[in-house]
Amino acid sequence: MIELLLFGLITGFVSGFFGIGGGTILVPMLILSGFIIKEAIAISIMQMVFSSIYGSFLNAKKAKNIFKDGFILGVGGFVGGLQNSFVHSLVSNEFLQYLFIIIIVLSIIKIFISPAQSSQEVKNHSKASLFIIGFIVGIIAMSIGVGGAIMLIPLLVGVAKYPLKTATSLSLFFVIFSSIAGFISLSLAGQMLFYEGFIVGLASLVGVYFGIKIKNTTPITSYKQSILFLNFLILITMIYDTFFKVS
């Protein structure tokens with residue numbers, strides 16, 4: 001239980017600071033501690049419900065104007081996330097790990113080449129295009145146990161031209177929808193680990209508070225470097241677990 005509480009604190013801080021659901025760091029930690037990836041995904045999804053709702057409540061005080069687009073993206077993510085248990089029935093643990101690695105690599109490249117602070121105005125996007133983006137991100141994200149921010153943030157920064165900190169606030173709001181959908185899907189399929197997920201999720205609330213507090217005071221250039229560092233760390237961890245860890 002102490003290990004799960006620690007994982008929750010770390011994941012909550014990362015979730016609040018980086019605007020992600022936390023699965024990108026929680027899933028590797030759980031795998032390294034002995035859980036198989038599908039168990040880690042279940043715990044991660046339940047934790048995301050806790051951290052995304054609380055984190056978005058805190059972010060709303062500074063970014064109320066961004067949640068119109070976030071709602072449309074979120075509805076798409078919710079519908080996509082409902083396909084989670086179906087995807088799990090079709091693919092293996094190994095395939096999910098390879099997919100995870102590919103997505104992290106693409107995200108690192110996109111964030112690296114995109115400016116942290118865009119000088120262009122944010123484009124107006126159609127509801128249909130936002131829904132489709134949310135749906136695609138939701139169905140992939142919930143299948144690998146992440147909230148979708150690792151894919152959504154590069155799209156919001158590189159394509160929609162949102163400032164980086166605004167994009168992370170918007171992405172955490174998106175995670176509410178995709179994680180609740182994933183939680184419902186796995187619960188109905190009998191694949192949810194309620195006790196472990198509750199312990200990690202409860203502890204994550206403390207981490208979320210401090211993560212958002214520090215995020216709001218961090219210079220934008222340092223913030224971008226921090227996001228790239230996190231992605232590299234996750235990538236190295238997953239490559240080690242997938243190709244070099246001895247069973």
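Note that the structure is predicted; figures quoted are calculated from it, not measured. Position 1 is the first residue of the sequence, and the numbers go up from there.
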Measure from the side-chain N and O atoms of [X] to the backbone N and O of [Y], and report whether any donor-acceptor pair falls under 3.5 Å.
X	Y	value
Ser171	Gly19	yes
Ser56	Ser52	yes
Ser185	Ala181	no
Lys224	Phe112	yes
Ser15	Thr11	no

Can you tell me if Phe35 has over 12 outside heavy atoms packed within less than 6.0 Å of its CZ? yes

Flag if over 12 foreign heavy atoms under 6.0 Å of CD1, Ile2: no

Could you pull out the closest heavy-atom pair between Ala42 and Gln191, with the gap in Å? CB-O, 3.4 Å

All heavy atoms of Val27 vs all of Ile37, minimum pair found to be CG1-CG1, 4.3 Å

Could you state the interatomic distance from [atom1] ([X]) to [atom2] ([Y]), rounded to the nearest 0.5 Å?
X	Y	atom1	atom2	result
Leu164	Ile111	CG	CD1	7.0 Å
Phe174	Ser179	CZ	OG	9.5 Å
Asn216	Tyr223	CG	OH	9.0 Å

Please evaluate residues Phe50 and Val200 with respect to the criterion side chain to side chain contact (heavy atoms under 4.5 Å, CB included), reporting the C-alpha separation (whole Å), side-chain torsions for both, the decisive distance (0.1 Å), and the verdict. CA-CA 9 Å; Phe50 283 75; Val200 175; over 6 Å; no

Determine, step by step, whether Phe173 and Phe71 satisfy the ring pair (Phe, Tyr, Trp, His ring centres under 6.0 Å) criterion, reporting the C-alpha distance in whole Å, the side-chain angles of both residues, the deciding distance to 0.1 Å, and the verdict. CA-CA 8 Å; Phe173 183 69; Phe71 180 78; 7.6 Å; no

Sorted by chain and residue number, the side chain to side chain contact (heavy atoms under 4.5 Å, CB included) partners of Ser222 (sequence neighbours excluded) come out as Thr218, Pro219

Would you please classify the geometry between the Phe131 ring and the Phe135 ring as parallel, tilted or perpendicular, with 30° and 60° separating the classes? parallel

Picking from Ile153, Asn231, Leu152, what satisfies side-chain contact (heavy atoms from CB on, under 4.5 Å) with Ile20? Ile153

Result for side-chain contact (heavy atoms from CB on, under 4.5 Å) between Phe18 and one of Leu230, Leu172, Thr168 points to Leu230

Would you please say whether a donor-acceptor pair under 3.5 Å links the side chains of Thr221 and Gln225? no

Go through the steps for Phe13 and Ile214 under the test side chain to side chain contact (heavy atoms under 4.5 Å, CB included), then give the verdict. CA-CA 9 Å; Phe13 179 85; Ile214 294 176; 3.5 Å; yes

For residues 202-210, tabulate all N or O donor-acceptor pairs below 3.5 Å that involve a side-chain atom, not counting sequence neighbours.
residue	atom	partner	partner atom	Å
Ser204	OG	Gly201	O	2.6

Within the 4.5 Å heavy-atom criterion, are Ile220 and Lys165 side-chain neighbours or not? yes

